[in-house]
Amino acid sequence: AGEFAVDHTFPRAGDYVMYAEFALEGKADEVHRFDVRAGDQPGAAASLVEELSPATSGDYTASIAPQGEVMAGEPAGFVLNIERGGQPVSDLQPYLGAAAHVVVLDETAGGFAHVHAVAGSEPPAAMGEGAMEEGGEEMEVPMSFGPQVSFTHTFPEPGPHKVWAQVEHDGQVLTFEWVVEAK
């Protein structure tokens, strides 16, 4: 048996969904959902609107570029470009064995997907159901790369989806977020 704790300050009172993903020794990854209420009042449901503007984390900026139209049920490729102070970051480091980790949630936070990105500007080909998601096939990651990382994801349903990406630079984990609309 194990236990871990997470400290988090919620931005406002309301209802939140938290996901925890972990792997037990000798077993596959597990994903668990927790519904949490901050304060004593329910919150309004999320209302997402497509937002693909560059995202910031400290003095870093990341842009996201869909590679073609994003259609539900079809693999969609994305290229992220990471800059610091307006200059390309060409020495990103692997983060937990991948070039980047990407989490995708639908508007209701009912579906959770974890995708591994690859170094460079070529999104990986879709490799079958779940191949790039949740413990999928491992890909070799260079020790230094950038400024681009790319990923592929199949959005199961049309509508807005929250997308978070995490990369590592100079030992610091950076988190960027966008809202992608699948048609």
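Because the structure is a prediction, the values reported are computed rather than measured. Nothing fancy with the numbering, it's 1 onward along the sequence.
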Colleague: Roughly how far, to the nearest 0.5 Å, is CD of E181 from CD of E107?
Modeller: 8.5 Å

Colleague: Would you sort out whether H116 and F151 count as a ring pair (Phe, Tyr, Trp, His ring centres under 6.0 Å), showing the intermediate values?
Modeller: CA-CA 7 Å; H116 291 164; F151 67 95; over 10 Å; no

Colleague: side-chain contact (heavy atoms from CB on, under 4.5 Å) with Q172: which residues, sequence neighbours excluded?
Modeller: Y60, L174

Colleague: Applying side-chain contact (heavy atoms from CB on, under 4.5 Å), name anything that partners E83, two or more places apart in sequence or on another chain.
Modeller: N81

Colleague: For the atom pair OG1 (T152) and CD (Q67), what is the distance rounded to the nearest 0.5 Å?
Modeller: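 It is 9.0 Å, given to the nearest 0.5 Å.
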
Colleague: Does L80 form a side-chain contact (heavy atoms from CB on, under 4.5 Å) with F176? I'd like the steps, not just the answer.
Modeller: CA-CA 10 Å; L80 307 181; F176 304 99; over 6 Å; no

Colleague: Give a yes or no on whether the backbone of D170 and the side-chain of E168 come within a donor-acceptor separation of less than 3.5 Å.
Modeller: no

Colleague: Could you check if a side-chain atom of V180 sits within less than 4.5 angstrom of a side-chain atom of P66, using non-hydrogen atoms only?
Modeller: no

Colleague: Between atom OG of S57 and atom CD1 of I82, what is the distance when rounded to the nearest 0.5 Å?
Modeller: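 The distance works out to 9.5 Å.
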
Colleague: May I ask you to decide if A113's main-chain N or O and Y19's side chain share a donor-acceptor pair within less than 3.5 Å?
Modeller: no

Colleague: Hey, are R84 and D91 close enough for a salt bridge, meaning a charged N less than 4.0 Å from a carboxylate O?
Modeller: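 Salt bridge absent between R84 and D91.
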
Colleague: Should we count CD of E30 as having more than 12 external heavy atoms under 6.0 Å?
Modeller: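 Above 12, so yes.
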
Colleague: Please go through V179's hydrophobic cluster and name the other residues, only I, L, V, M, F, W, Y counting, with side-chain heavy atoms under 4.5 Å joining them.
Modeller: L48

Colleague: Can you find a pair of side-chain heavy atoms, one from V167 and one from H169, that are under 4.5 Å apart?
Modeller: no

Colleague: Between CZ of R33 and CG of L105, what distance do you get to the nearest 0.5 Å?
Modeller: 9.0 Å

Colleague: For T61, which residues count as a side-chain contact (heavy atoms from CB on, under 4.5 Å) partner, sequence neighbours excluded?
Modeller: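 Only P54, T56 meet the side-chain contact (heavy atoms from CB on, under 4.5 Å) criterion with T61.
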
Colleague: Extract all donor-acceptor atom pairs below 3.5 Å that involve side chains of residues 156-166 and protein atoms in other chains or at least two apart in sequence.
Modeller:
from, atom 1, to, atom 2, distance (Å)
H161, ND1, G159, O, 2.9
K162, NZ, E177, OE2, 2.8
Q166, NE2, T175, OG1, 2.9

Colleague: Only one of V17, V103, V104, D106 passes side chain to side chain contact (heavy atoms under 4.5 Å, CB included) with F112; say which it is.
Modeller: V103

Colleague: Would you check if the distance from the ring center of Y95 to the ring center of H101 is below 6.0 Å?
Modeller: yes

Colleague: Please give the remaining members of the hydrophobic cluster of V36, linking ILVMFWY side chains under 4.5 Å, ordered by chain and number.
Modeller: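 F10, Y16, M18, F34, all in the cluster of V36.
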
